[in-house]
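All remarks here apply to the structure that follows.
Below, each value reflects all heavy atoms present in this structure, side chains not excepted, and no hydrogens, waters or symmetry copies. For ligands, and for the atoms within them, numbers begin at 1 and follow the listed sequence.
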Amino acid sequence: MRLAGILGWGYHVPDHVLTNHDLAQMVDTSDDWIIARTGIRERRIAATTEATSDLATRAAEMALAQAQIAPSDIDLIIVATVTPDMAFPSTACLVQSNIGAFNAAAFDLSAACSGFIYGLKLAQSLVATGAIDNCLLIGAETLSRIVDFMDRSTCVLFGDGAGAVVIGPSQQHTLQTIIVGADGSGGHILRQPAGGSRNPATQETVALRQHFIHMDGQEVFKFAVSKVPEAAEGLLAKIGLQVEDIDWFIPHQANKRIIDAVIKRLGLSPQQTIVNLHKYGNVSNASIPIALAEAAAAGVFQSGERILLAGFGGGLTWGTGLLQW
Ligand code: UT7
């Protein structure tokens with residue numbers, strides 16, 4: 001088995017900034033409430049002409065340039081998203097065409113906010129076994145298209161953006177153990193009720209606003225603050241490491257209070273935790289790769305340092321993994 005590593009990284013966020021003050025003009029909320037309860041100050045919103053594949057393409061081009069890999073050398077494109085351009089063709093196929101990666105197979109991965117970690121697990125396995133050489137893994141979202149801007153309990157949380165990595169055989173920036181899991185019995189607490197085969201689009205589903213994100217925020221909160229530390233502790237125990245062996249932590253950027261509770265329970269410090277949700281809000285599948293790419297581009301990680309990743313989301317799903325830079 002060969003080692004799989006991150007050869008290049010990139011991200012792209014739309015230009016338009018939607019601040020908490022802007023949202024306070026739209027629903028009964030305030031900058032103070034949003035900052036105190038979530039830590040979010042602003043988020044990016046895609047232009048009406050932009051879809052998920054456009055953001056994904058920009059992030060992918062940056063990652064390929066950084067990796068110095070030609071699009072024709074990519075064997076597989078995975079786009080982790082809950083906001084594909086459409087059900088089919090997959091967003092990954094649209095990206096393949098945009099970047100000219102015509103030797104690549106392409107598909108979308110649906111595991112809600114944990115999708116990027118699921119994708120890492122898959123890419124690592126395929127590269128390690130020699131089934132493929134280079135995988136382009138992208139987390140990309142235009143959540144603003146499925147957010148109900150009349151629902152203050154959800155519309156303040158989410159934003160748009162994309163992050164990408166190229167994964168291939170490498171001794172550097174290596175993917176170590178990655179663990180993913182799911183508990184489908186909790187699917188109802190975070191979902192988009194209509195638009196699929198259960199509730200196809202009708203005038204009624206539109207009138208009932210069922211094509212938007214519906215969430216029991218408190219239940220998701222409770223799930224996250226118990227499952228993420230449990231999964232991370234399980235990962236460390238499995239590979240015989242202590243929390244002191246971890247240099248950096250990149251959690252899914254959903255809520256600062258969730259991140260604070262998780263690091264407190266794990267015994268990690270705020271100084272070693274990468275947080276960017278004040279700028280972008282929760283970008284679901286894109287949140288971890290944007291945070292990773294931003295920090296990597298800023299030169300935060302030193303060679304050999306260990307980076308713990310942890311995601312959670314609808315499904316319910318979760319995933320945690322270890323990178324060695
Ligand atoms: O990728 C995973 C996606 N989801 C998540 O990670 C969400 C996890 N959950 C959360 O982040 C939090 O539960 C929220 C930020 C969604 C809500 O925070 P909370 O501290 O759990 O608030 P709450 O739901 O208990 O609501 C407290 C109060 C309620 O008013 P009353 O009933 O006490 O009068 C809400 O109606 O805050 C009210 N409220 C708001 N007030 C101002 C809810 N949303 C807002 C808002 N502005 N935007």
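Considering backbone and side-chain N/O of T38, none are found under 3.5 Å from N/O of ligand 1. Remark: ligand 1 and C113 share no N or O pair separated by less than 3.5 Å (distance only, no angle test). Note: an N/O pair closer than 3.5 Å links T29 and ligand 1 by distance alone.
For ligand 1, the atoms lying closer than 4.0 Å to a non-hydrogen atom of N282 are 1 (O), 2 (C), 3 (C). Shown in contact with A254 at under 4.0 Å from a heavy atom are these atoms of ligand 1, numbered in order with element: 6 (O). Near Q218, meaning under 4.0 Å from one of its heavy atoms, ligand 1 places the atoms 13 (O), 21 (O), 23 (P), 24 (O), 25 (O).
The minimum heavy-atom distance linking L18 with M26 is given by the pair CD1-SD, 4.4 Å. For the pair A106 and Q96, the tightest heavy-atom approach, listed with the atom from each and the gap, is CB-CB, 4.5 Å. Heavy atoms only, all atoms of each residue included: E141 and N285 are closest at OE2-ND2, 2.7 Å.
Looking only at heavy atoms of the protein, atom 5 (C) of ligand 1 is closest to V220 CG1, 3.6 Å. Given atom 18 (O) of ligand 1, the protein heavy atom at minimum distance is R257 NH1, 3.8 Å. The single protein non-hydrogen atom nearest to atom 11 (O) of ligand 1 is N255 ND2, 2.7 Å, given as residue, atom name and distance. Protein heavy atom closest to atom 26 (O) of ligand 1, with residue, atom name and distance, is R37 NH1, 4.4 Å. At the shortest separation from atom 39 (N) of ligand 1 among protein heavy atoms lies W33 CZ2, 3.4 Å. Looking at atom 8 (C) of ligand 1, its nearest protein heavy atom turns out to be G217 O, 3.5 Å.
Counting heavy atoms of neighbouring residues, nucleotides and ligands inside a 6.0 Å radius, atom CZ of R41 does not exceed 12 of them.
Contact annotation: for I34 versus ligand 1, there are no heavy atoms closer than 4.0 Å. Only the side chain of V156 comes within 4.0 Å of ligand 1, counting heavy atoms alone; its backbone N, CA, C and O stay farther away.
Inside a 4.0 Å radius of atom 32 (O) of ligand 1 there is not any protein heavy atom. In this structure, atom 21 (O) of ligand 1 has a protein heavy-atom contact shorter than 4.0 Å. Within a 4.0 Å radius of atom 29 (C) of ligand 1, the protein contributes no heavy atom.
With sequence neighbours left out, the ring-ring contact (aromatic ring centres under 6.0 Å, His included) criterion links W9 to H173, W325.
Using a cut-off of 4.0 Å between Lys/Arg side-chain N and Asp/Glu carboxylate O, D85 and R145 are scored as not salt-bridged. A salt bridge links E294 with K279; the closest basic N to acidic carboxylate O contact falls under 4.0 Å. With respect to the salt-bridge test (charged N to carboxylate O, under 4.0 angstrom), the residues K256 and D260 qualify.
The side chain to side chain contact (heavy atoms under 4.5 Å, CB included) with P84 is formed by just one residue from the set L94, T91, V79; it is T91.
Ligand 1 lies less than 4.0 angstrom from a heavy atom belonging to S153.
No donor-acceptor pair closer than 3.5 Å links the side chain of R198 to the backbone N or O of P193. Under the 3.5 Å distance criterion, the side-chain polar atoms of Q272 are left unmatched by any main-chain donor or acceptor of P270.
Separation of atoms OG1 (T57) and CG (L64) is listed at 10.5 Å; rounding is to 0.5 Å.
Of the listed residues (M215, R152, K256), the one carrying the non-hydrogen atom nearest atom 7 (C) of ligand 1 is M215.
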